[in-house]
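Only one structure is covered here, and it is reproduced in the block below.
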Amino acid sequence: MEKTYEPHAIERQWYQTWEEKGYFKPAGSGTPYCMMIPPPNVTGSLHMGHGFNNAVMDTMIRYRRMKGDSTLWQVGTDHAGIATQMVVERQLAAQGVSRHDLGREQFLAKVWEWKEQSGGTITRQIRRLGSSVDWSRERFTMDDGLSTAVQEAFVRLFDDGLIYRGKRLVNWDPKLHTAISDLEVENHDEKGFMWNLRYPLADGATTADGKNYLVVATTRPETMLGDSAVAVHPEDERYQSLIGKFIQLPLVNRLIPIVADDYVDREFGTGCVKITPAHDFNDYEVGKRHNLPLINVLDKNAAILASAQVFNIDGSLNSSVNSALPADFAGLDRYEARKQIVAALEAAGLIEKIDDHALKVPRGDRSGVVIEPWLTDQWYVSTKPLAEPAIAAVEDGRIQFVPKQYENMYFSWMRDIQDWCISRQLWWGHRIPAWYDASGKVYVGRNEAEVRSKYAIAASTPLTQDEDVLDTWFSSGLWTFSTLGWPEQTELLKKFHPTDLLVTGFDIIFFWVARMIMLTMHLVKHEDGTAQIPFKTVYVHGLVRDSQGQKMSKSKGNVLDPLDIIDGIDLETLVQKRTTGLMQPKDAAKIEKQTRKEFPEGIQAYGTDALRFTFCSLASTGRDIKFDMGRVEGYRNFCNKIWNATRYVLMHCDEQDCGQDSATDYELSVADRWIISKLQLAEKNVAEYLDSYRLDLAAQAIYEFVWNEYCDWYLELSKPVIWNTEATAAQKKGTRRTLIRVLETILRLAHPLMPFITEEIWQKIKPLAGASGETIMQARYPEAQESKIDQQALSDVEWLQAIILGVRNIRGEMNISPAKDLPVLFKNGSAEDQQRLQSNQQFLKKLASLESITWLNASDAEPMSATTLVGNMEILVPMAGLIDKDAEIARLSKESGKLEMDISRTEAKLSNAAFVDKAPAEVVEKERARVAESKMAIEKLREQILKISAL
RNA sequence: GGGCGGUUAGCUCAGUUGGUAGAGCAAUGCCCUUACAAGGCAUGGGUCACAAGUUCGAGUCUUGUACCGCCCACCA
């Protein structure tokens with residue numbers, strides 16, 4: 001084996017082998033266990049979030065697979081409607097072409113082309129992460145099977161009255177020209193203004209204080225063109241007499257009523273609110289209550305129309321309202337219109353004042369432009385009836401969130417859920433299976449032929465299919481069962497659905513998790529007709545942030561590519577990568593500077609295993625994680641440690657008899673029995689942590705066992721046996737057997753977290769360890785056996801460690817070269833100490849670098865020594881005039897100082913009658929024993945201090 | 001406005017049913033000792049954000065405060 005662990009040399013071929021041999025496919029007759037990958041955007045590329053998500057999922061699926069479950073990790077990609085369409089449109093725009101220039105069919109061909117071209121990137125990257133997904137079952141949300149499922153779901157929901165079409169106010173994205181759902185709107189604080197406008201009263205009416213106008217406040221003055229009322233609070237005394245009277249709407253010169261509605265907050269502003277039902281969600285509600293017309297003054301670009309489109313509340317056209325708009329503003333963009341309308345009002349003396357005002361501005365999460373509430377015809381899912389069972393499933397624990405606190409988030413959203421707008425005015429996506437006749441009547445069916453037969457429509461009657469496509473999340477919502485063949489009752493569906501575990505970020509709980517639960521429970525039933533849930537457990541993880549805690553984003557230039565951590569990247573390439581394709585090219589200089597500062601040497605190649613282990617170790621309770629390159633380096637070193645431990649083990653075991661399974665001709669040392677005992681404890685802990693989704697603790701337990709117990713202690717303790725010319729063949733065989741078998745178990749224990757290095761080494765050592773099988777992936781996961789825990793060995797080695805630590809401490813503090821073997825004396829030990837000393841000489845000598853061990857009787861004279869205590873036994877390191885008096889006194893004083901502190905604290909406790917009375921007897925007893933022990937020790941230290949001082 | 005989470009060693013984080021605070025990294029000292037310098041051995045470092053309460057005993061339970069972060073919400 002190479003002297004140093006080289007991830008590249010070992011990661012390349014294993015994945016290919018695993019995939020080719022079909023190890024990722026469900027196998028065996030074990031308990032079915034299924035996970036669904038959150039389908040990444042087909043044209044996307046891997047980011048740290050994927051890396052984290054995949055590390056967690058692959059660890060869980062490999063664990064279950066090794067436990068003997070029949071596992072399926074379903075893989076696939078998402079067509080990501082808006083995102084993908086935007087990318088292709090941007091490419092076309094660079095050539096000066098719009099999608100409308102191409103037409104629907106040609107444009108879609110372009111998108112498919114782009115998908116074919118870039119679609120392999122993310123899947124190749126997922127392979128590099130080592131994810132053991134079943135590629136033979138890879139699906140795409142737009143492939144035939146899934147498209148069928150989408151149609152089927154739509155039709156069934158429609159037939160069940162859970163999908164409807166209606167003219168309503170929606171979140172309209174004026175850049176993308178599509179409706180979007182509430183969730184796709186981000187509300188952030190921005191600075192703006194509050195315009196206070198004077199609205200003249202009609203018919204000579206006046207306010208209580210004699211004014212002939214009302215003052216209304218607005219952050220969006222341009223919408224005044226669509227006002228259809230002014231509202232006041234019904235109990236507001238100031239305006240009682242005006243309710244039912246009219247306003248002469250400025251610029252438009254339309255009469256609008258003054259209505260009373262308790263939506264109005266009397267305390268805010270003047271207590272008068274302009275009502276624009278066609279351009280504000282609240283006003284829409286007020287408008288419904290007062291049967292106000294909806295006056296739509298904007299077109300799909302959010303520019304002012306030449307004449308308003310006036311609708312009744314049900315969306316039907318209303319001709320009783322004057323639809324003329326002031327010609328001056330026709331065609332103006334909403335912000336330009338705002339300026340000009342304000343100017344016009346100003347000129348007319350109708351601006352009372354303009355205040356600075358902070359407000360929430362709704363922006364599209366994709367386009368970034370301000371969303372316009374706009375009146376259009378859209379398709380909706382009626383969510384309330386779907387939410388009810390979906391809430392119940394989490395309440396009664398059929399579905400569990402890990403960590404549990406996310407259930408609150410889920411509940412609060414689900415209990416106040418709004419209908420889901422699922423139609424998008426895009427081309428890339430699942431076309432809505434609805435057809436219209438010439439009169440606009442809508443028919444829903446799986447295809448045109450079905451629609452014709454279902455609704456008895458003659459072949460001669462022309463039907464046109466709805467132009468719109470479905471929200472991407474509608475198809476993602478079917479993911480757990482559409483991928484398994486639904487609506488067919490496939491064997492796979494029966495076997496693996498409901499799935500077991502979903503691993504996902506908290507940011508898509510609403511977008512995806514909640515909708516999957518709702519759609520699945522309505523569409524998929526058990527044989528007895530009860531609803532199926534999509535999954536039993538939802539493991540929710542946080543965002544991966546940079547080392548400063550900042551969200552990673554291209555524009556901040558702090559993005560890390562998981563593959564760059566795996567393969568390494570030099571500084572220049574990294575800088576280039578981070579500074580090209582920026583939205584704001586001026587940020588480049590700053591990003592470059594910051595990158596050069598953080599990665600002066602670029603990034604080393606740490607390998608997949610180190611990266612995965614890092615993700616696992618950071619995967620604590622659902623919080624965001626700050627990604628720290630230092631951790632990766634530490635775990636790369638951990639890989640190296642395993643690598644070198646293997647070299648040591650092979651050095652002594654290769655081509656040697658390491659004891660076959662059936663062999664009995666070997667003898668286990670106390671160290672062998674100790675490490676085997678410790679291994680059982682580690683196995684127990686790791687399994688518990690994996691079962692409770694605490695991958696951080698599992699990673700820590702593995703690290704701790706491998707490095708601190710196996711390498712630091714056991715490998716050292718094996719040397720006195722292996723190297724001892726006097727040791728018997730049985731003893732050597734026992735130690736060889738233990739070395740190799742514990743190592744082999746470590747590999748299986750760690751394999752789910754670090755698949756490559758464990759497979760590589762396992763293949764090398766399996767024959768020696770008595771293991772068989774083609775791959776570690778199919779080896780059994782270690783299970784702790786209580787019977788192998790040897791309490792005597794545990795306490796014996798603990799005792800050994802205490803002595804070795806004591807001597808090393810003296811060596812360190814007294815500045816004695818580690819190369820110098822020391823003669824050591826023992827005194828005041830018990831019979832057990834003496835017996836232990838007798839049988840463990842070889843360990844002590846080797847690990848503490850001792851020249852000799854001498855047992856002193858109480859009466860024996862002792863040479864001047866540095867001393868330390870193990871229990872009551874004194875360990876003396878003779879200093880033969882070399883002793884640094886002050887240093888030794890200082891060392892001993894420090895020791896006794898610690899003890900004194902401890903004694904005074906414990907005694908204080910024991911002198912408290914309440915403690916002695918009320919605390920459990922065993923706790924009190926423990927404290928008493930502690931005091932007694934400390935007192936003995938302190939006494940000895942004092943004697944020693946006196947002795948040294950007297951020199 | 002409502003809800004959730006966080007505050008523990010210089011940094012990043014653990015801390016299981018309340019019983020004298022742990023890890024990794026960083027720091028310091030000594031070592032290229034025949035698995036590993038991507039290493040070994042040793043050492044230092046914390047009034048667990050603050051306050052009150054419950055308790056014999058609180059990092060851990062209760063209440064409140066401060067600061068940080070996130071989610072949701074209709075104040076024009």
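Chain letters run A, B, ... following the sequence lines, proteins first, then strands; residues in each count from 1. Because the structure is predicted, anything quoted here is derived from the model rather than measured.
Applying the 4.0 Å criterion to OP1 and OP2 of B/U43, one finds that A/Lys894 has every side-chain N and O outside that range. In this structure, A/His357 does not reach the B/C75 phosphate: none of its side-chain N or O atoms is under 4.0 Å from OP1 or OP2. For the pair A/Asn408 and B/C71, the criterion of a side-chain N or O lying under 4.0 Å from OP1 or OP2 is not met. In this model, the phosphate group of B/G40 is approached by a side-chain N or O of A/Trp707 to a distance below 4.0 Å at OP1 or OP2.
Closest to the side chain of A/Arg694, from the set B/G15, B/A76, B/A42, is B/G15. For A/Gln405, whose side chain is taken as the heavy atoms from C-beta onward, the closest listed nucleotide among B/G5, B/G19, B/C25 is B/G5. Distances from the side chain of A/Tyr703 to the nucleotides B/C72, B/C75, B/G24 place B/G24 closest.
The nearest whole Å value for the distance from the CZ atom in A/Arg905 to the C1' atom in B/U47 is 12 Å. Residue A/Asp189 contributes atom CG, which lies 11 Å from atom P of B/C75 at whole-angstrom precision. A/Asn708 places its CG atom 9 Å from the C1' atom of B/A23, with the value rounded to the nearest Å. If you measure from atom CE of A/Met814 to atom C1' of B/U43, you get 15 Å, rounded to the nearest angstrom. A straight line from CD of A/Gln548 to C1' of B/C68 spans 16 Å, rounded to a whole angstrom. If you measure from atom OH of A/Tyr410 to atom C1' of B/C72, you get 16 Å, rounded to the nearest angstrom. Rounding to whole angstrom units, CG of residue A/Asp416 and C1' of B/C72 are separated by 9 Å. Protein atom CD1 of A/Ile371 is 18 Å distant from nucleotide atom C1' of B/C74, rounded to whole Å.
Nucleotides B/C74 and B/U17, compared at atom P, are 39 Å apart to the nearest Å. A gap of 16 Å separates the P atoms of B/U60 and B/G5, to the nearest Å. Between B/G15 and B/U7, the two P atoms lie 10 Å apart (nearest whole Å). Taking atom C1' in both B/A58 and B/G53, one finds a spacing of 11 Å when rounded to whole Å. A gap of 40 Å separates the C1' atoms of B/A27 and B/U63, to the nearest Å. When the P atom is used for both B/G2 and B/C61, the distance is 24 Å, rounded to whole Å. Nucleotides B/A51 and B/A66 place their C1' atoms 11 Å apart, quoted to the nearest Å. If you take atom C1' in B/G24 and the same atom in B/A9, they sit 12 Å apart, rounded to whole Å.
Other residues, nucleotides and ligands contribute more than 12 heavy atoms inside 6.0 Å of the CD atom of A/Glu851.
Using a cutoff of 4.0 Å between basic side-chain nitrogens and carboxylate oxygens, A/Lys353 and A/Asp355 are scored as salt-bridged. A salt bridge links A/Lys764 with A/Glu760: at least one charged nitrogen is closer than 4.0 Å to a carboxylate oxygen. A salt bridge is absent between A/Lys556 and A/Asp546: the closest approach of a Lys/Arg side-chain nitrogen to an acidic carboxylate oxygen does not fall below 4.0 angstrom. Residues A/Asp902 and A/Arg905 are paired through a salt bridge, judged by an N-O separation under 4.0 Å between the basic side chain and the carboxylate. In this structure, A/Glu895 does not pair ionically with A/Arg891, as no charged nitrogen and carboxylate oxygen lie closer than 4.0 Å.
In this structure, the side chain of A/Asn558 engages the main chain of A/Lys551 through a donor-acceptor pair within 3.5 Å. With hydrogens and angles ignored, the 3.5 Å screen pairs a side-chain donor or acceptor of A/Arg612 with a backbone N or O of A/Leu753. Of the possible polar contacts, none joining the A/Thr218 side chain to the A/Trp195 backbone as a donor-acceptor pair under 3.5 Å is found. Checked by atom type and distance alone, the side chain of A/Trp643 never pairs as donor or acceptor with a backbone atom of A/Met1 at under 3.5 Å. A donor-acceptor contact shorter than 3.5 Å is absent between the side chain of A/Asp696 and the backbone of A/Leu618.
For A/Tyr635 and A/Phe613, the ring centers sit closer than 6.0 Å to each other.
Checked by atom type, the side-chain pair A/Glu352/A/Thr270 shows no donor-acceptor distance below 3.5 Å. The closest side-chain donor-acceptor pair between A/Ser617 and A/Tyr703, if any, does not fall under 3.5 angstrom.
Nearer the 5' end of RNA chain B, as judged by each residue's closest nucleotide, is the contact made by A/Met409, out of A/Ala358 and A/Met409.
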Could you write out each protein N or O paired with an N or O of nucleotides 56-60 of chain B at a distance under 3.5 Å?
{"residue": "B/C56", "atom": "OP1", "partner": "A/Lys918", "partner atom": "NZ", "Å": "2.4"}
{"residue": "B/C56", "atom": "O4'", "partner": "A/Ala914", "partner atom": "O", "Å": "3.3"}
{"residue": "B/C56", "atom": "O2'", "partner": "A/Asn912", "partner atom": "ND2", "Å": "3.1"}

Reading nucleotides 28-35 of chain B from 5' to 3' and marking B where a protein heavy atom lies under 4.0 Å of the base, S where only the sugar-phosphate is that close, and - otherwise, the string is --SS---B

Starting at the 5' end of nucleotides 6-13 of chain B, put B wherever the base has a protein heavy atom under 4.0 Å, S where only the sugar-phosphate does, and a dash everywhere else. S-----BS

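Using a 4.0 Å heavy-atom criterion, one finds that A/Tyr635 contacts no nucleic acid atom at all. Backbone-only engagement by A/Glu813 is indicated by non-hydrogen atom pairs under 4.0 Å involving sugar-phosphate atoms exclusively. Nucleic acid contact class of A/Ser849 (heavy atoms, under 4.0 Å, all strands): none. Among the atoms of the strands shown, only primed sugar atoms or phosphate atoms (P, OP1, OP2) are found under 4.0 Å from some heavy atom of A/Leu697. Nucleic acid contact class of A/Arg636 (heavy atoms, under 4.0 Å, all strands): base. Counting non-hydrogen atoms under 4.0 angstrom, A/Phe281 reaches nothing in the nucleic acid.
Stretches of at least 3 consecutive Watson-Crick or G-U wobble pairs, with each checked distance under 3.5 Å, appear in RNA chain B as B:1-7 with B:66-72, B:10-13 with B:22-25, B:27-31 with B:39-43, B:49-53 with B:61-65.
In this view, A/Glu907 and A/Lys935 satisfy the side-chain hydrogen bond (donor to acceptor under 3.5 Å, both in side chains) rule, not counting sequence neighbours.
For residues 808-819 of chain A, the pairs satisfying salt bridge (charged side-chain N to carboxylate O under 4.0 Å, His left out) are A/Glu813-A/Lys894, with sequence neighbours left out.
Ring planes of A/His652 and A/Tyr648: perpendicular class, angle over 60° (limits at 30 and 60°).
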